[in-house]
Amino acid sequence: MKNGLKKGNSTTRMLLAPYSLWSVIFIVVPLLFIAYYAFTDNNFNFTLENITRFFTATSQLTADDGTVTEVRTYLMIFMRSLKLAIISTVICLGMGYPLAYIMARAEEKTQRIMMTLIMIPMWMNFLIRTYAWMTILQDTGIFNSILGVFGIDPVHIIGTEGAVVIGMVYDYFPYMVLPIYSIMAKMDIRLIEAAHDLGCNSLATLRRVIFPLSLPGVMSGITMVLIPSISTFYISQKLGNGKFFLIGDAIEGQYVANNLHFAAAIAFILMIILLVCMGIANYFTSRRVYGG
Amino acid sequence: MKKIIELKNISKAFDGDTVLNNISLDIYDNEFLTLLGPSGCGKTTLLRIISGFVHPDDGEVVFMGDDITDLPPHKRNVNTVFQKYALFPHLNVYENVAFPLREKKVPKDEIDKKVKEMLKLVMLSGFEKRNVTSLSGGQQQRVAIARALVNHPKVLLLDEPLSALDLKLRKDMQQELKNIQKSTGITFVFVTHDQEEALSMSDTIVVMSEGVIQQIGTPVDIYNEPENAFVADFIGESNIIDGVMVRDGEARFSGQTFPCLDKGFAPKEPVDIVIRPEDVDIVPVEKGMLEGIVTSVTFMGVHYEIIVDVKGFKWMIQTTDFVDVDEHIGIFLEPDAIHVMKKSKYSGMFGDYSSFSDELEQLSVGGNEEE
Amino acid sequence: MKKSASRIYTAIIFAFLFAPIIILLIFSFNEGKSLSVFTGFSLKWYKELFNDANTLEALKNSLVLAFSATAISVFLGTMASVGINKLRSRWYRTAIDTVTNIPMTNPDIITGISLMLMFVFVGRLFGASTSLNFLTMLIAHVTFCLPYVILQVLPKLQQMDKSLAEAAMDLGCPPLRAFFKVELPEIMPGIITGAIMAFTMSLDDFVISYFTSGNGFQTLPIRIYGMTKKTVTPKMYALATIIFFVTLTLLLINNIVDNEDSQKLKEAKRIQKGEKPEGDYNPRKRNMALALAGVLVVALTFGAFSGSSASKELNVYNWGEYISDGSEGSFDTIKEFEKWYEENYGEKITVNYDTFASNEDMYNKISSGAVSYDIIIPSDYMIARMASEDMLLPIDFENIPNYQYIGEDFKGLYYDPDNQYTVPYTYGVVGVIYDANVVDKADIGGWDLLWNEKYANKIVQFNNSRDAFGTAMFKLGIDVNTTDTALWDKAHEEMIKQRPLVYSFVMDEIFNIMQSGEASIGAYYAGDYFTMMEDQADDVDLQFYYPEHTNMFIDAMCIPSCAQNKELAEIFINYMLGEEAAVANAEYTYYASPNRLVYENETYIEDMGEETVEILYPEFEDFAAEYNRYAYRTLSTDMLSYLNSLWETVKVN
């Protein structure tokens, strides 16, 4: 018996060793490198300058009426990224949740077809997809040509925050739908019947049973949309006409300018902020599930 | 007694397979009614038609005089205890029970009062804050009952609620359900495939097979006076023997004529004879009305169960006296041990104890076919 | 009623999801170059695509990388899942769960940067000539694919009936065989889903690849990124269309296999009911599909590695779209060189040709030691910087007899005063491009046009600090290489003033934007003006002029100190200066050439048209003086970071 246990343990260890080693070397250690670069200068001497620069660098903002205000550059960039990412995530959730619900209720064959349809855009190159949006949204683009056919004045979309949000929503939409769908498809149908049986109409059932039960899916959907939206740089370059500098652009810009240490500092701070946010969100959702 | 639910000519088919065939049934106030039958007989579908999850293809559901056939489940004054309870995992015990009250916007203090009262009824006081997934099967069962009862429905539907519990717990819960039903005065419609459970709990038993009601009656009626071979076989153990009604009070089977109490059959009418194993007396060969050879003996605790070959037909007999395999014995039947039934489509399908279950019989038949 | 509402909703969502895909399907068949105006049906972009060796190579690389990364991560991930499932230690389990989550919840950009920092650091530590290569990319891809595999496989293991394996062992199967015979088939659906997800992620990944890609191994997204910085032609759409249909077929096949599975389930149910089984479900079909996929992988992998069998290799690092590459019937410089070399030296040679998007991009890769090239073609200021940092090797001009054809004007300039390191490739002069249908003749002539409020939202500005500030400094008459921060501040004020008028900050996006009439005024290089003009929309009439003072640049071929084969590099440079290659490249890039064999070549002048040549080669009284004064020079690190912070405040607005 004792022998058997030991043997089981060593098999487990053998199975886990390659992955554990891989994770430590290629996941944990690289993050330490970010921290190391963030807190050192070009000669690898310890410094806090990169971190303080993130919080203190200022620039002048000129409003349309000419008034000038001073703002903290990177904090503002971060807040803007956060704002656009949150808007995109909310839109994705608003659009994706009903779709996931419809999918989960559809016939099995329909479900599979819809699933395939949602996956297909993910296989088309992300850069080409975004580029295609550029040609759709620009002032003389396809969208405005279609409006023109109906005699509607062209709308200026490209280069606005709206265009960036459209790009983010488009590119990350499947990441919202798929986790919600998969949890809804697995949901015990009897729970929904029980809710109806206990006097809930469809809407109340959705609100009181289906939504709370799908929260884990919603949470992972939100994570999977928010994280890439907040750190994107290609979308803002192409659809924002390079006018909406986001935190991803800042990191990429510093990388291209060979300021690796400052790039690492921005990445480090972004990572810490996101970790804290995720921690808080997880804490609250896990409590909600049991608290009622 | 007042009719609460009337099912009128209900039919239902799934993908062309008829599940319910022209069912009519009245359910009365304050009644413990059991839908009994093997799996696939349509009992659960019938229950779901009452709760509103299934819409019948034909027929109507009348609830206290109103046609509710098209009423959605949440508007019906009936509640269900689901087979695997269907407790909401994201809510604790208290919130599960309070669920229907909150939907009705009942004031807070009243919710509190009612939930506490219900939890007390199912003996779960003090479990309010517990997470439902941490409860045992029996406790989850009680929560499900409390939740279904908190709204004081006119009818409570129970879909095989005890099937997941172990034997002792099941016995306790049977007793408790019966008590709850009595104390609340709510009509219970109970679905089960366990005939013992049905006999011990019900006021009325509805035996179903192949989407058709075979018999409706009290447990005693159903046991003593089964209407056909199916009912006789399904409820308790029965030896079902091909016979002829010679005249009123006289039946002939196994090559002998026996006095019996049944009457009202046509002269020489072919019938099915039911003899319960416990009603057979074993006597010395010379005193017996029939003679047989013991082929197997099984000790069951309170009695022996012996299989006796009588002219090629295997009888089951329950006796407290020990007999040995290969022993020749005599069989004696009192007139009230013999129950005569009309022939039905089930005739000849049951009642011989060459094997116990239908499945084994089918398998051996199937196996033969393939060979 | 409800049903139709949900149908309409679903239809709208899918319309949104497929709008851009339909657009690119349509425009892949466009006859013209435009991505927004359809001029006629043609298959020419598909032909172009199949002639574009670099893109096909990148596609192959992407597939090889995705297959390898998927195979490794499926193997490691499944093994790890089995281990995790057996794990009893609480803290170990928590630790593994947390680490597995990191690549999923960390932004790609952080994962990419962190891996890049480590690879480069370790590479430098061991003095490796290149630290970023196929292997590092593979490691990066496996790292972010692993969690997806584990997330699919682990739940299947947890759901599995534990007694299955025990039953097998009870019946005499040794544990390992029991795993393969009983457990593996049970968790196969999870493994397949995980593999598909890993493959998808790997194939589509751009960000992590962007930071970890290195020598001679360019994936498709990296190549596309380089192209979208430059002009994007419907060729890319043709590629996307092909990917679309291949994907569609694969997914359909997968669906059919799935269907059979559910049929199997139905069969099982029928048998349970005691009915006789029907249909002809064949479990072998699935195995065949899997085997087919396996064969495909092996074939592709072999194809990938068999290609590079030549012993000698030359690594060239150039701007994207900066060499005549055989597209649209042009001269295929690289292929011709390989052929020419074999004929003259009797030896096979392979040229690995990679592209960069900016001088800084190139500088970072080279200076980090991540890559190693034999030839690079940077711009003047970057050459000066690299020379000062000992990153260039002196060229042996004895090996480059064709150097004699380089015009005297282009020798001894500031970035290489002693003619040690460089052989000029192209030069260009910045001018103002405008749409004559929008801009009044009266307004043109100077830099002021870019600040003219009449054309608010019609002006584009450079999306890089040096060029953008340059326009303001030329406008104000400030020395573009000044070290006086006050003067830079003045230029900054000018930039802030211009900001509300700017439609977009662009680099190569300017092509599309100006061609389509999205914007009407922008400063750019003369050569690019002609490229734009070729494909301008019907209602656009692009014109060009030089303001009084303007920036000039020279891009030159250099040999970086990390070169592995200097002699071969010199042979290549000499070949590039030869008439055939030089003319072809000048015609292809539309930039001015410093090579007499080109600008005095009559067919070239004829091909280009005299007007074009006049604009491309403006007359200078004293080219060297003008150039040395107005070309951008390397700024000190302090000045650069000052400029950078000014630039960020312009962009932040």
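The analysis underlying the following values was restricted to heavy atoms, covering all of them including side chains, and did not include hydrogens, waters or symmetry mates.
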What part of C:Asn644 lies closer than 4.5 angstrom to a heavy atom of chain A: side chain, backbone, both or neither? side chain
Is it the side chain or the backbone of A:Pro121 that comes within 4.5 Å of chain C heavy atoms, both, or neither? both
Verdict with supporting geometry, A:Tyr101 and C:Ser6, side-chain hydrogen bond (donor to acceptor under 3.5 Å, both in side chains): CA-CA 10 Å; A:Tyr101 181 78; C:Ser6 73; over 6 Å; no
Answer with side chain, backbone, both or neither: which region of A:Phe126 has an atom nearer than 4.5 Å to a non-hydrogen atom of chain C? both
How about A:Phe26 and C:Val142: do any of their side-chain heavy atoms sit closer than 4.5 Å? no
Residue C:Leu117 versus chain A: region with a heavy atom under 4.5 Å: both
Residue pair C:Met116 / A:Leu260, side-chain heavy-atom distance below 4.5 Å: yes
Toward chain C, the part of A:Ile142 with a non-hydrogen atom under 4.5 Å: side chain
For chain A, find which of C:Trp647, C:Phe211, C:Tyr503 contributes the most heavy-atom pairs closer than 4.5 angstrom. C:Tyr503
Is it the backbone or the side chain of A:Leu32 that comes under 4.5 Å from a heavy atom of chain C, or both, or neither? neither
Sidechain-backbone polar pair: A:Tyr170 side chain, C:Leu17 backbone, donor-acceptor under 3.5 Å: yes
Lys/Arg N to Asp/Glu carboxylate O, C:Lys458 vs A:Asp139, below 4.0 Å: no
Check each atom of A:Thr232 against the heavy atoms of chain C and say whether the ones under 4.5 Å are side chain, backbone, both or neither. neither
Most heavy-atom pairs under 4.5 Å with chain A, out of C:Leu203, C:Ile513, C:Leu87, belong to C:Leu87
Decide side chain to side chain contact (heavy atoms under 4.5 Å, CB included) for C:Met236 and A:Leu127; before the verdict, give the C-alpha distance in whole Å, the side-chain angles of both, and the deciding distance to 0.1 Å. CA-CA 10 Å; C:Met236 281 297 97; A:Leu127 306 167; over 6 Å; no
Relative to chain A, which segment of C:Val207 carries a heavy atom at a distance below 4.5 Å: side chain, backbone, both, or neither? side chain
Non-hydrogen atoms of chain A under 4.5 Å away: do they reach the side chain of C:Asn457, the backbone, both or neither? side chain
With a 4.5 angstrom heavy-atom cut-off, is it the side chain or the backbone of C:Phe16 that approaches chain A, or both, or neither? both
Can the ring centroids of C:Tyr210 and A:Phe233 be said to lie less than 6.0 angstrom from one another? yes
What part of C:Met362 gets closer than 4.5 Å to chain A, counting heavy atoms only: side chain, backbone, both or neither? neither
With only heavy atoms counted, which part of C:Tyr237 is less than 4.5 Å from chain A, the side chain, the backbone, both or neither? side chain
Region of C:Val506 that comes under 4.5 Å of a non-hydrogen atom in chain A: neither
What distance separates A:Leu15 CG from C:Thr78 OG1, expressed to the nearest 0.5 Å? 11.0 Å
Atom group of C:Leu24 that falls short of 4.5 Å from chain A, counting heavy atoms: side chain
Is A:Glu49 atom CD crowded by more than 12 heavy atoms from other residues, nucleotides or ligands, each under 6.0 Å away? no
Taking side chain as everything from C-beta outward and backbone as N, CA, C, O, which of these in A:Met14 sits under 4.5 Å from a heavy atom of chain C? Side chain, backbone, both or neither. backbone
Name the option with the most non-hydrogen atom pairs under 4.5 Å to chain A; the candidates are C:Leu115, C:Asn463, C:Ile113. C:Leu115
If I measure from the heavy atoms of chain C, does A:Leu31 come under 4.5 Å with its side chain, its backbone, both, or neither? both
Determine whether the aromatic ring centres of C:Tyr225 and A:Tyr234 lie less than 6.0 Å apart. yes
Cut-off 4.5 Å, heavy atoms of chain C, and the answer for A:Phe268 is neither
Counting only heavy atoms closer than 4.5 Å, note whether C:Ile12 contacts chain A via side chain, backbone, both or neither. neither
Examine whether an atom of C:Ile84 lies under 4.5 Å from a heavy atom of chain A, and if so say whether it belongs to the side chain, the backbone or both; otherwise answer neither. both
Which atoms of C:Thr100 approach chain A - backbone, side chain, both or neither, heavy atom under 4.5 Å: both
Under a 4.5 Å heavy-atom cut-off, does chain C meet the side chain of A:Phe44, its backbone, both or neither? side chain
Would you kindly say whether C:Ser81 and A:Tyr19 are connected by a side-chain donor-acceptor distance under 3.5 Å? no
From the list A:Thr223, A:Ile251, A:Ile77, A:Val29, the residue making the most non-hydrogen contacts under 4.5 Å with chain C is A:Ile251
Could you check which of C:Thr200, C:Leu248, C:Ile102 has the highest count of heavy-atom pairs closer than 4.5 Å to chain A? C:Thr200
Check whether A:Phe262 gets within reach of chain C through its side chain, its backbone, both or neither, counting any heavy atom under 4.5 Å. neither
Between C:Tyr9 and A:Met95, does the side chain to side chain contact (heavy atoms under 4.5 Å, CB included) criterion hold? Intermediate values first, please. CA-CA 9 Å; C:Tyr9 182 81; A:Met95 278 168 56; 4.1 Å; yes
Roughly how far apart are A:Leu16 CG and C:Ser89 OG, rounded to 0.5 Å? 10.0 Å
Stepwise side chain to side chain contact (heavy atoms under 4.5 Å, CB included) check, A:Phe245 with C:Phe505: CA-CA 11 Å; A:Phe245 210 63; C:Phe505 288 97; over 6 Å; no
Might you work through the side chain to side chain contact (heavy atoms under 4.5 Å, CB included) test for C:Asp108 and A:Ser231, ending with a clear yes or no? CA-CA 8 Å; C:Asp108 286 353; A:Ser231 59; 5.7 Å; no
Contact part of C:Phe244 toward chain A, heavy-atom cut-off under 4.5 Å: side chain, backbone, both or neither? both
